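None of the values given here were measured: they were computed from a predicted structure. Below, chains carry the letters A, B, ... as their sequence lines are ordered, and counting in each starts from 1.
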2 protein chains.
Amino acid sequence: MPLRHTVYGRAMSNAAAETGSGGSVQSVDRALTVLEILARSGESGVTEIAADLGVHKSTAFRLVATLEQHGLVEQVEGRGKYRLGVGLLRLAGATSARLDVVQEARPLCKQLAAGSGETVNLATLSGGSALYLDQVAGPSALGSHNWVGQHIPLHATSNGKVLLAWLDESVLKEVLGRLPAYTDRTVTARAALRKELQQVQQQGWAAAVDELEVGLAAVAAPVRNAHGDVIASMSISGPTFRLTVARQAEVLPLLLEAAEELSHRLGWGRR
Amino acid sequence: MPLRHTVYGRAMSNAAAETGSGGSVQSVDRALTVLEILARSGESGVTEIAADLGVHKSTAFRLVATLEQHGLVEQVEGRGKYRLGVGLLRLAGATSARLDVVQEARPLCKQLAAGSGETVNLATLSGGSALYLDQVAGPSALGSHNWVGQHIPLHATSNGKVLLAWLDESVLKEVLGRLPAYTDRTVTARAALRKELQQVQQQGWAAAVDELEVGLAAVAAPVRNAHGDVIASMSISGPTFRLTVARQAEVLPLLLEAAEELSHRLGWGRR
DNA sequence: GCCCCACGTTGCACATGACGCAACGGGGCG
DNA sequence: CGCCCCGTTGCGTCATGTGCAACGTGGGGC
């Protein structure tokens with residue numbers, strides 16, 4: 001789609017780190033950028049947002065005020081700062097309700113979480129990283145991190161490896177630009193990763209222990225659509241001390257069964 | 001804040017269900033309304049959105065296109081229709097990262113404690129029993145026990161019953177291993193408990209009087225997350241002589257309102 | 001304790017950018 | 001084959017979003 005927009009008169013004085021994403025409707029574009037800024041910073045004041053956006057304070061204020069009226073942004077009590085609001089959760093809920101994968105997966109994830117006692121995640125490929133679509137915390141997991149909506153590196157997670165393992169060679173090359181290390185267990189050598197991905201493809205599941213975070217372990221299995229493409233990955237994760245290799249072997253059959261059942265519900269292998 | 005824009009020439013032919021929420025920045029306001037429309041409908045075409053919004057087709061199109069560039073909206077393949085995009089999940093992830101049941105609940109619990117005069121508790125399911133997350137003592141509570149951090153049997157408390165009532169059958173079976181009696185009012189017959197849980201689910205709240213301790217009464221209501229899962233339970237508890245059935249009926253609306261408001265803050269979209 | 005700065009917030013006037021219009025292309029159905 | 005309805009796009013106009021300046025306030029430093 002061609003950029004139809006003439007350049008703006010002004011010379012973009014700001015450091016706004018323009019994503020290059022020009023919007024069709026300027027004010028809306030700015031407003032949405034505000035959301036992204038808040039997502040990144042967690043909490044920002046009007047002045048800060050304005051500077052980041054390269055617009056006048058008052059402009060930023062009106063954008064934020066409008067967002068606030070829709071509940072997408074709220075101001076933290078007392079202080080004048082702003083942060084993302086819960087309206088986003090409702091919208092996101094509507095989003096995932098619409099994604100058949102998530103909807104079909106939910107009961108299975110729940111059951112799997114109950115059966116394994118650990119946290120179950122569902123992830124898909126999105127823009128060069130793993131996007132976590134859903135998470136069901138296991139009974140023994142309290143206050144475990146919520147990954148939903150997060151973009152997670154592909155080469156350091158079990159879900160990521162599954163998603164990579166069935167990728168076309170051409171796409172794979174693009175995605176594997178850099179392989180940063182997060183712990184000293186992270187696989188950073190391209191050859192080693194390639195080899196592991198092959199193994200993952202053969203055995204039908206992947207594992208990652210202490211590779212993204214020390215103390216975090218997970219196993220994952222592929223989810224296929226009606227065409228047989230791997231469109232998502234389901235994982236069981238927990239603390240390394242609890243999710244030992246032996247325990248992994250115990251929960252693996254449950255995981256594989258759940259992932260297969262989900263694939264089945266999405267039309268794989270039918271007919 | 002006064003509505004500053006003049007009405008459009010047109011007489012709002014649509015059923016746009018104007019929330020009365022005027023925005024400060026019109027186009028942003030409209031764009032966000034588009035998100036809400038899509039959240040409600042699941043999938044809409046430009047024309048439909050335009051009609052719903054009371055604007056021209058082309059206007060709606062540009063709004064949608066801008067939303068699309070930020071990933072908040074995507075067009076379903078083939079058909080020209082639009083739906084909410086995964087970008088929302090990313091934003092929501094940033095939201096829920098800082099979202100904590102206890103933290104969100106605190107002001108509500110306080111208010112409820114003040115309004116009811118009794119002690120308010122917040123509990124969740126953890127490893128086969130109820131884990132008390134927070135407690136706000138009411139003004140008339142003298143030296144009442146502090147339950148925070150305690151594991152309490154599920155079948156003998158109002159919170160426990162709420163947490164059980166919405167549990168999957170499979171999990172429920174596991175949890176209900178033994179039903180020890182703590183007083184002679186404790187429900188120990190599995191059939192009776194099952195029946196009560198069904199009633200709890202229907203009426204949307206639970207009660208327990210003298211079932212865990214003689215002289216201790218409580219009513220509880222469910223707290224839901226964005227998916228509608230019951231993730232916690234909020235209760236009002238006090239001495240049986242004060243929290244009579246009549247008094248319970250008085251505080252129940254307050255409790256239900258608080259629990260619903262909390263659910264709302266956690267992203268539950270009512271209904 | 002005082003002052004001063006910096007922040008969030010609001011009224012106003014201008015010109016910019018968002019809007020409605022009308023026309024195009026294409027896909028599905030009769 | 002032709003109709004109709006959809007999403008999409010160039011254009012001219014004016015509504016509307018914007019920058020400016022001023023206000024109130026709260027907190028930090030001197």
Taking the side chain of Q26(B) as its heavy atoms from C-beta onward, which of dG20(C), dA18(C), dG17(D) lies nearest to it?
dG17(D)
Please give, in whole Å, the distance from dG20(C) C1' to I49(B) CD1?
18 Å
With a 3.5 Å cut-off and just heavy-atom distances, do the side chain of S58(B) and the base of dG20(C) make a donor-acceptor pair?
yes
Going by the rule salt bridge (charged side-chain N to carboxylate O under 4.0 Å, His left out), which residues pair with E48(B) if we only count those two or more places apart in sequence or in a different chain?
none
Spacing between L63(B) atom CG and dG20(C) atom C1', to the nearest angstrom:
13 Å
Any ring pair (Phe, Tyr, Trp, His ring centres under 6.0 Å) involving residues 45-69 of chain A? Give me the pairs, sequence neighbours left out, ordered by first then second residue.
none
Distance check needed: dG11(C) P versus H56(A) NE2, whole Å only.
16 Å
Gap between atoms CZ and P, on R62(A) and dG11(C) respectively (whole Å):
10 Å
Quick one: what's the B/S/- string for nucleotides 3-8 of chain C, heavy-atom cutoff under 4.0 Å, read 5' to 3'?
----SB
Pairing residues for L256(B) by the side chain to side chain contact (heavy atoms under 4.5 Å, CB included) criterion, not counting sequence neighbours:
W205(B), A221(B), L252(B)
Residues at least two apart in sequence or cross-chain that pass salt bridge (charged side-chain N to carboxylate O under 4.0 Å, His left out) with D229(A), listed by chain then number, are none
Taking side chain to side chain contact (heavy atoms under 4.5 Å, CB included) as the test, write out the residues that go with P180(A), two or more places apart.
H155(A), R178(A), Y182(A)
With sequence neighbours left out, what residues match E261(A) under salt bridge (charged side-chain N to carboxylate O under 4.0 Å, His left out)?
R265(A)
So how far off straight is the helix from dG1(C)-dC30(D) to dG30(C)-dC1(D), going by the axes through five pairs at either end, to 10°?
50°
Looking at residues at least two apart in the chain, or sitting in another chain, which of them share a side chain to side chain contact (heavy atoms under 4.5 Å, CB included) with T183(A)?
R185(A), T186(A), V214(A)
Pair S27(B)-S27(A), side-chain donor/acceptor within less than 3.5 Å:
yes
